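This report refers to the structure that appears directly beneath it.
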Amino acid sequence: MKKELVKVIEDSLKALGLETIPSIEAEVPPNDSMGDLATPVAMSIAALLKKSPRKIAEELINSIKDLSAKAGKSAFEKIDIAGPGFINFTFSKEYLYSEIKKLIEYKSGFLREDIGKGRRVQIEFISANPTGPLHLGHGRGGATGEALSNLLNAAGYKVEREYYINDAGKQVKLLGLSVFARYQQLLGIEYPFPEEGYKGGYIEDVANEIIKENGKKFLQRSFEAVSDFFIDYSYRMILSGIKKDLKDFGINFDTWQSEEELYKKGDVEEAIEDLKIKGFIYEKDGATWFRSTAFGDDKDRVIIKQDGEYTYFTSDIAYHKKKIEKTYDELIDIWGADHHGYIPRVKAVIEALGYPKEKLKVLLVQMVNLLRGGKPVQMSKRAGEFVTLREVMNEVGPDTTKFIFLTRRPDSHLDFDLEVAKAQSSENPVFYVQYANARINSIFTHAKEKGINTDRLYDADLMLLSVYDELRIIRKLLIYPMVFEGAVNTYEPHRITFYLQEISGMFHPYYNKFRVVSDDIELTRARLALCGAIRIVLQDGLEILGISAPEKM
RNA sequence: GCGCCUGUAGCUCAGUUGGAAAGAGCAACUGCCUUCUAAGCAGUGGGUCAGGGGUUCGAAUCCCUUCAGGCGCGCCA
């Protein structure tokens with residue numbers, strides 16, 4: 001719909017002799033009676049042309065009418081001026097029917113605009129340390145990353161999803177030591193538990209697993225002697241748990257990048273060397289620094305400490321260097337908002353390496369506040385007490401959990417109340433949407449049982465869809481590509497979620513008011529076509545969100 | 001102290017990137033299942049868009065400021 005409108009306006013602007021054609025915005029008017037689409041273009045160029053918006057709108061409309069008279073066809077039934085200078089367009093029913101016909105015939109191919117044009121994007125998300133199970137915040141990042149990946153992929157981008165594994169350094173060593181200590185304790189040795197060690201119950205699980213496989217083999221050994229084994233074993237077991245959680249939550253990754261590997265392959269050394277050559281590295285106070293202030297960071301950052309160890313940031317430099325040097329057109333990092341202070345220094349790396357900082361887009365996902373019955377659930381990583389994503393999935397369900405995340409924009413600080421999420425389960429919006437899809441499936445089953453041909457519905461006589469309720473749904477369906485485009489351009493999958501609720505909110509009343517399958521075969525075919533079109537859109541949207549579309553409920 | 005995010009109905013949140021008379025779900029109340037799935041439908045009530053200035057044809061949206069909440073400001077990861 002939008003394409004048609006934009007084309008018509010551009011043509012008429014040219015016909016009016018305008019030299020530079022502005023980008024045409026189209027929006028849905030607040031009220032049905034105002035038409036199907038509106039554009040504020042007359043108002044936005046009013047200052048430029050030094051004419052009143054309404055005057056410009058009038059000239060534009062006349063020009064459009066002239067052009068369509070010459071062409072001998074028009075997609076519009078009515079074009080008029082409204083308010084301060086909006087031009088409201090009402091499409092002809094013939095146009096609407098022909099568009100719906102295309103939707104039914106070409107399915108997703110009709111819905112999904114090719115915006116990416118094959119551009120390669122890498123999206124890195126979650127990247128939780130393999131030192132413990134995923135928690136709900138990771139779930140939010142995961143749901144967002146998955147949906148965004150699906151969205152961009154559907155929009156013609158070539159998307160690669162990556163999980164960065166922080167399997168090097170102190171954290172993982174501490175993990176190994178924690179497990180080692182528990183191992184000793186479980187076998188009756190009074191071994192001191194590390195001060196800052198991981199105290200969660202999962203540490204014991206790992207220790208028990210080692211006992212099961214190796215018995216008392218490591219009992220009389222020092223940690224130093226067996227640390228490689230404990231570290232490796234622990235992090236692998238936890239990582240496989242993470243992978244299982246992600247699988248069950250419906251999150252997919254293409255690549256898993258190990259931090260340790262960056263060190264082993266010399267990528268870290270190489271990155272430092274490169275920055276040194278470019279002149280952004282210096283020594284001070286016995287440490288080695290990266291001059292990130294050259295690119296707007298608050299202060300320079302240490303990359304090699306006095307004791308010769310690298311910092312966490314150092315491998316991040318190498319990691320982003322590696323990423324940016326691949327053939328991606330764009331990099332997207334999805335981080336928890338608590339890491340926002342990190343953006344300037346990573347952007348500085350991108351620039352120092354000679355790339356435009358726009359090439360890296362950092363999306364922040366706000367914190368999740370976990371509640372139960374209105375009261376905050378105490379979470380302390382140090383004490384090892386926290387509600388895991390697994391527990392929430394088990395209690396609330398993956399689809400509901402994802403839907404809650406995807407009905408909020410990433411910026412919003414989210415209150416996730418377990419009781420509310422569960423209590424809503426029967427009337428949760430996610431079921432409302434899924435139910436619409438299941439109901440349509442049921443209608444089709446019923447129609448087939450009655451011997452009605454449900455194939456080639458694009459050949460049905462769509463003109464029979466003439467009541468207001470039907471035309472309203474048709475218009476809503478044809479808006480989907482605009483919603484899709486908006487979601488893609490802003491990286492906001494939640495727009496799809498809201499749209500799906502709206503279209504479902506039109507289908508259910510329609511279902512209640514009208515019978516789809518009746519003795520009137522032609523009308524039945526037409527209504528099946530409409531339901532089929534709704535189902536196409538519902539399934540397309542749910543697929544993007546990474547939420548299942550059950551056939552029956 | 002500085003920086004980032006947030007403040008919209010009783011609660012949880014949208015608001016098409018500055019557009020027309022502010023929306024949804026939940027919660028509350030009243031009706032609807034011999035007919036394609038009642039996880040549904042029909043109806044009712046609910047707002048100083050945190051407060052105050054400014055920018056312009058036009059502001060919940062942009063700028064300034066005050067207040068409130070969250071997060072971040074390590075040679076931690």
Side-chain angles (χ1 to χ4, degrees), chain A residues 25-31 34 38 40 43-44 46-47 52-53 82-86 88 129 131 166 168-172 174 196 284-289 298-299 301-307 309-313 336-344 364 366-367 369 374 404 407-417 420-421 423-432 434-436 438-447 449-450 479 482-483 485-487 489-490 492 494-495 497-499 501-502 505 507-518 524 527-528 531 552-553:
Chain A
E25 288 169 56
E27 55 196 64
V28 179
N31 197 312
M34 295 173 175
M43 290 179 285
S44 48
S52 82
F86 285 100
N88 289 347
N129 289 352
T131 53
N166 293 110
K170 255 188 218 160
Q171 297 285 351
V172 176
L174 189 58
E196 296 289 313
K284 195 184 87 181
D285 304 334
T288 304
W289 300 69
D298 292 343
K299 48 188 102 166
R301 307 293 171 177
V302 169
I303 56 169
I304 303 175
K305 297 188 272 183
Q306 275 183 344
D307 62 7
E309 297 272 319
Y310 294 109
T311 65
Y312 173 81
F313 178 52
D338 51 341
H339 290 91
H340 78 264
Y342 227 72
I343 297 175
L364 296 176
Q366 276 295 343
M367 309 280 90
N369 200 9
I404 287 172
T407 40
R408 279 131 176 99
R409 58 183 209 284
D411 273 343
S412 69
H413 302 237
L414 190 156
D415 280 347
F416 193 107
D417 193 314
V420 173
Q424 281 185 10
S425 275
S426 58
E427 287 164 63
N428 192 293
V430 70
F431 296 112
Y432 189 74
Q434 290 178 323
Y435 190 52
R439 261 186 162 169
I440 292 171
N441 282 329
S442 171
I443 293 171
F444 272 79
T445 306
H446 179 76
E449 281 166 9
K450 289 206 130 192
I479 289 299
M482 286 172 67
V483 176
E485 187 190 352
N489 289 335
T490 55
E492 290 179 348
H494 74 273
R495 295 189 187 201
T497 322
F498 281 89
Y499 173 85
Q501 293 185 68
E502 287 166 14
F507 167 72
H508 287 303
Y510 176 70
Y511 174 89
N512 261 268
K513 196 167 164 185
F514 299 94
R515 273 199 79 76
V516 174
V517 180
S518 67
T524 298
R527 287 184 171 169
L528 282 172
C531 290
K552 284 182 189 169
M553 287 176 73

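All values below come from the heavy atoms of this structure, side chains included, with hydrogens, waters and symmetry mates left out. As the structure is a computational prediction, the values presented were derived from the model and not from experiment. Order of the sequence lines fixes the chain letters, A, B, ..., with proteins taken first and strands second; residue numbering starts at 1 for each chain.
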Next item on the list: Could you please name the partner base of B/rC4, counting Watson-Crick and G-U wobble pairs only when both distances are under 3.5 Å?
Entry: B/rG70
Check: Mind checking whether A/Tyr342 and A/His339 have parallel, tilted or perpendicular rings, split at 30° and 60°?
Finding: perpendicular
Next item on the list: Please report, rounded to the nearest Å, how far the C1' atom of B/rU35 is from the CZ atom of A/Phe514.
Entry: 16 Å
Checklist line | Atom-to-atom span, CD of A/Glu502 to C1' of B/rC13 - whole angstrom | finding: 14 Å
Next item on the list: Check the chi torsion on B/rC33 and let me know: syn if it falls within 90° of 0, anti if not.
Entry: syn
Item checked: Interatomic distance at P, B/rU48 relative to B/rC5, whole Å -> 27 Å
Notebook entry, point to check: Among the nucleotides B/rC13, B/rG15, B/rA39, which one has an atom lying closest to any side-chain atom of A/Glu492?
Noted result: B/rG15
Checklist line | Nucleotide B/rG25, atom P - distance to OH of A/Tyr435 in whole Å | finding: 17 Å
Notebook entry, point to check: Would you call B/rU61 syn or anti, using the 90° rule around 0?
Noted result: anti
Check: If we require ring centres under 5.5 Å and near-parallel planes under 30°, does A/Phe86 stack on B/rA20?
Finding: yes
Margin query: What's A/Val28 touching, base or sugar-phosphate or nothing? Going by heavy atoms closer than 4.0 Å.
Written below: base
Notebook entry, point to check: Looking across every strand, which nucleic acid part, if any, lies under 4.0 Å from A/Leu174 by heavy atom: base, sugar-phosphate, or nothing?
Noted result: nothing
Item checked: Sugar-phosphate only, base, or nothing, as touched by A/Asp417 at under 4.0 Å among non-hydrogen atoms -> nothing
Note to self: Does B/rA14 have OP1 or OP2 under 4.0 Å away from a side-chain N or O of A/Ser412?
What the structure shows: yes
Next item on the list: Give a yes or no on whether the ring-centroid distance for A/Tyr435 and A/Phe431 is below 6.0 angstrom.
Entry: no
Next item on the list: Take nucleotides 56-64 of chain B nucleotide by nucleotide from the 5' end and write B, S or -, depending on whether a protein heavy atom sits under 4.0 Å from the base, only from the sugar-phosphate, or from neither.
Entry: ---------
Next item on the list: Could you state the atom-to-atom distance from CG of A/Asn369 to P of B/rU6 in whole Å?
Entry: 17 Å
Note to self: Ignoring hydrogens, what is the shortest heavy-atom contact between A/Ala421 and A/Ile404? Give both atom names and the distance.
What the structure shows: CB-CD1, 3.7 Å
Next item on the list: Write down the distance separating the P atoms in B/rG69 and B/rC29, rounded off to the nearest Å.
Entry: 35 Å
Check: For A/Thr407 and A/Gln501, what are the C-alpha separation, side-chain angles and deciding distance, and is it a side chain to side chain contact (heavy atoms under 4.5 Å, CB included)?
Finding: CA-CA 10 Å; A/Thr407 40; A/Gln501 293 185 68; 3.4 Å; yes
Note to self: For the P atoms, the ones on B/rA39 and on B/rA27, what distance do you get once it is rounded to whole angstrom?
What the structure shows: 15 Å
Item checked: Separation of atom CZ in A/Arg409 from atom P in B/rG23, rounded to whole Å -> 19 Å
Next item on the list: Anything under 30° is parallel, anything over 60° is perpendicular, the rest tilted; go ahead and classify A/Tyr510 against A/Phe514.
Entry: tilted
Checklist line | Rounded distance (Å) that lies between atom P of B/rG43 and atom CG of A/Asn512 | finding: 11 Å
Next item on the list: Could you tell me which residues satisfy salt bridge (charged side-chain N to carboxylate O under 4.0 Å, His left out) with A/Glu25, sequence neighbours excluded, listed by chain and number?
Entry: none
Checklist line | Which residue lies more 5' along RNA chain B, comparing A/Thr490 with A/Met34 via nearest heavy atoms | finding: A/Thr490
Check: Can you tell me how far P of B/rU16 sits from CD of A/Glu485, to the nearest Å?
Finding: 15 Å
Do any N or O atoms of the protein come closer than 3.5 Å to N or O atoms of nucleotides 70-76 of chain B, and which pairs are they?
| unit_1 | atom_1 | unit_2 | atom_2 | d |
| --- | --- | --- | --- | --- |
| B/rC73 | O3' | A/Lys299 | NZ | 3.3 |
| B/rG74 | OP2 | A/Lys299 | NZ | 2.9 |
| B/rC75 | O2 | A/Gln306 | N | 2.8 |
| B/rC75 | N4 | A/Asp285 | O | 3.2 |
| B/rC76 | OP2 | A/Lys305 | NZ | 2.6 |

Checklist line | P-based separation of B/rG7 from B/rG46 [nearest Å] | finding: 25 Å
Next item on the list: Quote, to the nearest angstrom, the P distance that separates B/rG3 from B/rU66.
Entry: 11 Å
Notebook entry, point to check: Rounded to whole angstrom units, what separation is found between the CD1 atom of A/Ile443 and the C1' atom of B/rG40?
Noted result: 12 Å
